[in-house]
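What follows is one structure encoded as structure tokens, with my remarks underneath.
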Amino acid sequence: MVLGVVPFPRSLSTRAGAFALSPEVVLTGDAEAASVIADLVLARTGVRLRVAVAVAAAAASGRTIAVRRTGTGAPEGYRLRVDPGGVALESPDAAGLFYGAQTLVQLLSHNDAGGWDLPAADISDAPRFAHRGMMLDVARHFFPVPVVERLIDRIAALKLNVLHLHLSDDQGWRLALQSRPALAHRGSQTSALGDPGGHFTRADYAHLVAYAAARHVRVVPEIDLPGHTHAVGLAYPELVEPPVISASVAETAATFGGGIPTPGEPYTGFAVGFSSLRICDEATYEFLADVLGEIAALTPGPLLHIGGDEALGTSAEDYAYFLTRATEIVAGLGKTPVAWHEAGRVARIAPGTIGQYWGFVTPIDGADEDARGFIAGGGRLILSPADAIYLDMKPDAQSALGLEWANGPTSLEAAYSWEPTRVIAGASDRDILGVEAALWTETLATEADIEAMVYPRIAAAAEIAWSAADGPERTWPAFRERVAVLAELWADAGIRAGRIASPPPVAGAEAAAESESAAADSDPAGSASPAESAAGSAS
Ligand code: ACM
């Protein structure tokens with residue numbers, strides 16, 4: 001039986017037998033993790049397990065799921081043992097228990113009696129990378145709190161632990177700030193395609209940060225600077241340069257609509273690289289101190305992302321000056337700056353700045369050289385190769401949603417078939433903080449659109465981020481089979497996932513059948529090798 005377990009654990013072995021779920025089963029031990037398991041099992045199966053932290057209460061029942069914090073083990077790791085008579089889950093930390101709970105739910109399957117079973121199994125697990133993320137662009141299209149909450153639940157179920165929120169771009173500013181209220185007031189009214197806009201209040205943002213933390217997900221806020229700032233100009237025209245209308249901006253307007261960016265008017269098209277803050281004006285750095293200072297204070301996590309991509313209208317000298325100052329401001333706030341890979345070409349960014357690589361799996365145009373700049377500066381890399389895990393790329397050529405600039409449509413196989421240490425030559429596991437899938441939302445306006453693009457490819461990103469490169473079942477054929485089983489869980493949860501192409505007929509069987517018939521057709525009698533003759537005579 002194929003188990004729909006994604007990401008696949010470090011080790012998993014099954015035995016004969018199963019643990020049958022029933023309302024008599026009692027959850028004991030760690031109260032927080034026990035109630036997570038009870039909620040997840042109820043949602044998946046409709047079975048309401050009892051939580052009895054006191055072991056005495058459980059003894060009467062006899063059949064328990066025992067959840068326990070242990071002193072030792074890898075951070076975020078867990079051990080799960082399922083026997084027909086009981087289940088034991090252990091971890092050194094709360095995150096590990098949470099991840100063990102997610103695995104437990106993925107293991108559930110219907111039994112012949114119409115109930116639910118866990119297969120008898122031994123699992124030992126821990127993540128490969130510390131940073132396992134997804135980025136959601138709420139700037140091109142705004143998505144309200146309940147949509148983001150559901151996304152947090154869903155990425156946490158795949159053991160991702162970072163939600164990167166792209167909070168500002170040319171098309172909108174999405175976080176209300178006390179220090180600069182005009183940003184949300186004037187800069188958030190519209191979205192791409194002329195759709196309605198919106199923004200998070202400070203309270204919304206604080207709620208999302210807490211909601212995520214309860215699911216072991218850290219929020220990384222991004223304010224994209226110094227480009228991607230047309231919306232800033234709606235509130236503070238004195239802080240931005242006039243738009244630079246290059247041939248590519250004009251061509252994008254001709255292809256996708258949205259008009260030519262105009263100062264003082266909301267921008268609803270797809271063009272990039274035309275806007276810039278004024279680099280040589282101190283008012284810009286007062287603005288950064290206010291905005292980044294307020295967001296840092298609202299964000300308990302250690303990372304603050306300042307963009308830095310596609311500043312095509314900014315000279316190299318101005319770009320370097322700006323990135324040096326912006327990363328120093330972030331470091332001065334006690335946060336670690338994160339910037340897209342272009343910033344790695346700047347000699348004097350704050351030491352330890354983390355680079356987010358968004359080039360291709362096989363780098364072009366020196367993007368890998370840029371990325372290595374962060375390592376030289378004592379920083380690490382987050383890998384988001386655009387032709388693998390940019391979830392806004394069309395999954396296939398027929399898709400009405402999504403874009404194609406990253407080497408055309410990205411299949412589930414392409415999303416799965418890359419190895420983090422083989423992207424940037426010289427960057428080993430030690431230099432790689434983690435892996436992040438990104439969902440840009442120029443073409444995505446609804447939650448259904450998000451689901452169609454995120455699923456199933458987010459599962460590929462999750463396995464690459466979590467599972468060891470040489471771990472068990474880390475092959476495309478094995479992943480494809482598991483993800484097809486997991487898709488039943490997604491469907492039952494009401495997720496409108498994109499299509500999973502059905503596997504071709506089993507290649508081995510087909511090839512064997514073909515070569516058999518070829519042999520039958522063309523091999524003259526008596527020409528078989530001794531080994532083939534022996535096999536033939538044995539059957
Ligand atoms: C990016 O895709 N411009 C980071």
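Counting starts at 1 for both ligands and their atoms, in listed order. Values in this document were obtained by computation on a predicted structure and should not be read as measured data.
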Under 3.5 Å, side-chain donor or acceptor atoms of residues 355-363 against the rest of the protein: list the pairs with distances, not counting sequence neighbours.
from: Gln356; atom 1: OE1; to: His305; atom 2: NE2; distance (Å): 2.9
from: Gln356; atom 1: NE2; to: Ser384; atom 2: OG; distance (Å): 2.9
from: Gln356; atom 1: NE2; to: Glu436; atom 2: OE2; distance (Å): 3.0
from: Tyr357; atom 1: OH; to: Phe360; atom 2: N; distance (Å): 3.2
from: Tyr357; atom 1: OH; to: Phe360; atom 2: O; distance (Å): 2.6
from: Trp358; atom 1: NE1; to: Glu342; atom 2: OE1; distance (Å): 2.9

Self-check item: Ser179 side chain to Glu294 side chain, donor-acceptor N/O pair below 3.5 angstrom
Solution: yes

Quiz item: Would a line drawn from the ring center of Tyr390 to the ring center of Trp405 be shorter than 6.0 Å?
Solution: yes

Self-check item: Neighbour list for ligand 1 [protein residues, heavy atom under 4.0 Å]
Solution: Asp309, Glu310, Trp340, Trp358, Tyr390, Trp440

Quiz item: Between Phe129 and Trp466, is a ring pair (Phe, Tyr, Trp, His ring centres under 6.0 Å) present by the stated rule, with each step listed?
Solution: CA-CA 6 Å; Phe129 293 113; Trp466 177 281; over 10 Å; no

Self-check item: Pairs satisfying salt bridge (Lys or Arg N to Asp or Glu O under 4.0 Å), at least one member in residues 206-217, at least two apart
Solution: Asp153-Arg215

Quiz item: salt bridge (Lys or Arg N to Asp or Glu O under 4.0 Å) with Glu451: which residues, sequence neighbours excluded?
Solution: Arg154, Arg496

